[in-house]
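Here is the structure we will look at.
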Protein chains: 2
Amino acid sequence: MPEQRVPDVVISRLPLYLRTLKQLRAQGQSLISSHQLAEILNLTSAQIRKDLSMFGEFGKQGTGYSVPYLIEQLERILHVDQVWDMIVVGAGALGQALVNYPGFEANGFRIVAIYDNDPAKIGLHLGRLVVKDVATMPDDVRAHRWRIGILAVPEATAQSVAETMVDAGIRAILCYAPTILALPPEVRVQYIDPIVHLQHMSYYLEREDES
Amino acid sequence: MPEQRVPDVVISRLPLYLRTLKQLRAQGQSLISSHQLAEILNLTSAQIRKDLSMFGEFGKQGTGYSVPYLIEQLERILHVDQVWDMIVVGAGALGQALVNYPGFEANGFRIVAIYDNDPAKIGLHLGRLVVKDVATMPDDVRAHRWRIGILAVPEATAQSVAETMVDAGIRAILCYAPTILALPPEVRVQYIDPIVHLQHMSYYLEREDES
DNA sequence: CCTTGTGAATATGTTCACAGCA
DNA sequence: TGCTGTGAACATATTCACAAGG
């Protein structure tokens, strides 16, 4: 397996390839060409072939790619041929929706604990989990060597909660708070902010009075 | 104002600039240099200056940028100097969390209706909104000329609901369903899928057994 | 024929470095 | 001095186009 320095932009597309391949598998398709995959994803076939070629030669000339085999390879590359335990901090509407979301388990992730600092929320039952006091989070993270945290707290507390997570051993954070976290560079952070996406789209929308 | 063809990647950064400037304004800061802003955002100062220069000359040499003035300009550029009405389709845990989220109103957006096809959810009160039958959505969208829709339905129904939205006049969709929508190119779509971000990060995490 | 994988060519994006100005 | 705005230089990413294989 080559896999030298792979550009981050390539890594960002692999989960989309994997997701689409799983959909095709669910529909019973066992082979796919880069052209077909490109059409579904609104990309070019050359880009898909080049991306995959950074990790090995997975296709067959004249035939294309085996869907199950490519899924297996992508899961290995993305390290989701195992299940990652995750914690959620923040048990508001968003944290509760996350705990409720069935998509994690099927894709290599599992929420194993949820925390809040609000006494009114601590003790609340959410499915199989009970909201715990965030003060107990660092010891839990250390004890279980958990690596992934989801930040679902308000902007005002996001930075300090993130620092506490990192001190306890968290190395990857999915941040739903609308702010940029200042953290050591070895900690991976990904951001989800619907406002950013909406404003990106509203740029292209004409004003009401221009229509 | 020049504003010819601006690369999409530049547009994608403007909401982050705007969000950060609003945070600085809330802290009482009235001036900022491209260097300070770059440090907060983990970017280079040249990139920020070049991005902004595509829309005009907003800064002062030796001084930097006026925070309130730059906010005003970015809001104008992104068309969030008005409030956009939005609908949500899907009143599950995610749809309910979205209706509950206070961040929209402060940033140029407002959820004005939420729909579902589940009789058990129709009629449910969520804050000031009541869940309506999704069958009534197209007429509502046409009557009010709503342009923005948030898709919070399961993957299986996302494509057909999206098509119904677009037929009714929706021109921008924020899609939380984990799938790529096939829609006419004039319709803007942005995707939010936590799995994509988590798998992006797990690529960089070492396996448990490698530690 | 149909595919993949890939070097070469092109296109795009970022950073450098500095003139010009407060 | 300290800053912006920007052409030039550089770096990165994408697409083309084709050899090679089934």
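When reading the values below, keep in mind they use all heavy atoms of this one structure, side chains included, and skip hydrogens, waters and symmetry mates. Here is how names work: the chains are called A, B, and so on, in the same order as the sequence lines, proteins then strands, and each is numbered from 1.
- Between A/Q61 and D/dA20 there is no side-chain N or O to OP1 or OP2 distance below 4.0 Å.
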Collect all protein-nucleotide pairs involving nucleotides 8-11 of chain D in which both atoms are nitrogen or oxygen and the distance is under 3.5 Å.
unit_1	atom_1	unit_2	atom_2	d
D/dA8	N6	B/K50	NZ	3.2

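- Nucleotides of DNA chain C that come within less than 4.0 Å of any heavy atom of chain A span, from the 5' end to the 3' end, C/dC2 to C/dA8.
- Atom-to-atom, CD of B/Q47 to P of D/dT6 comes out at 16 Å; the value is rounded to the nearest Å.
- Applying the ring pair (Phe, Tyr, Trp, His ring centres under 6.0 Å) test to residues at least two apart or on different chains, the pairs with a partner in residues 145-169 of chain B are B/H144-B/W146.
- When heavy atoms are screened at a 4.0 angstrom cut-off, B/S45 is found touching no nucleic acid atom at all.
- Look at NE2 on B/H35: it is 15 Å from P on D/dT1, rounded to the nearest Å.
- For D/dG2, neither phosphate oxygen OP1 nor OP2 lies less than 4.0 angstrom from any side-chain nitrogen or oxygen of B/Y65.
- We find that CD1 of B/I48 is positioned 16 Å from P of D/dT6, with the value rounded to whole Å.
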Practice item. Please test B/D85 against B/R110 for salt bridge (charged side-chain N to carboxylate O under 4.0 Å, His left out), starting from the C-alpha separation and ending with a verdict. Key: CA-CA 5 Å; B/D85 289 342; B/R110 174 173 53 196; 3.0 Å; yes
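- Rounded to whole Å, the distance from CZ on B/F55 to C1' on D/dT4 is 17 Å.
- Checking A/Y204 against B/D8 by side-chain atom types alone, a donor-acceptor pair falls below 3.5 Å.
- Using the six-membered ring where Trp is involved, B/Y69 and B/F58 have ring planes that are perpendicular, over 60° apart on the 30 and 60° scheme.
- Protein atom CG of A/N42 is 15 Å distant from nucleotide atom P of D/dT14, rounded to whole Å.
- Counting all heavy atoms, side chain and backbone alike, A/L174 lies closest to B/P194 at CD2-CB, 3.9 Å.
- Non-hydrogen atoms lying under 4.0 Å from DNA chain C are contributed by nothing in residues 17-27 of chain B.
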Exercise for review: Before giving the answer on salt bridge (charged side-chain N to carboxylate O under 4.0 Å, His left out), spell out for A/D193 and B/R19 the whole-Å C-alpha distance, their side-chain angles and the decisive distance to 0.1 Å.
Suggested key: CA-CA 10 Å; A/D193 181 357; B/R19 194 181 70 184; 2.9 Å; yes
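- Between the side chains of B/R49 and B/S45, at least one donor-acceptor pair of N or O atoms lies under 3.5 Å.
- Residues passing the ring-ring contact (aromatic ring centres under 6.0 Å, His included) test with B/Y191, sequence neighbours excluded: none.
- Atom CD1 of B/I32 and atom CG of B/L24 lie 4.5 Å apart (nearest 0.5 Å).
- Side-chain contact check for B/Q23 and A/E155: at least one donor-acceptor pair (N or O, by modelled atom type) lies under 3.5 Å.
- The CG atom of A/L52 sits 15 Å away from the C1' atom of D/dT14 (whole-angstrom rounding).
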Which donor-acceptor pairs under 3.5 Å do the side chains of residues 160-173 of chain A make with protein atoms, sequence neighbours left out?
unit_1	atom_1	unit_2	atom_2	d
A/S160	OG	A/T157	O	3.4
A/E163	OE2	A/Q159	NE2	2.6
A/T164	OG1	A/S160	O	2.9
A/R171	NH1	A/V166	O	3.4

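- Between the CE atom of A/M54 and the P atom of D/dT14 there is a distance of 11 Å, given to the nearest Å.
- In terms of position along DNA chain D, the nucleotide closest to A/D8 lies nearer the 5' end than the nucleotide closest to the other residue of the pair A/D8 and A/K60.
- Atom CZ of A/R5 is separated from atom C1' of D/dA13 by 17 Å (rounded to the nearest Å).
- Place A/V10 and B/A46 on DNA chain D by their nearest nucleotides, and B/A46 ends up nearer the 5' end.
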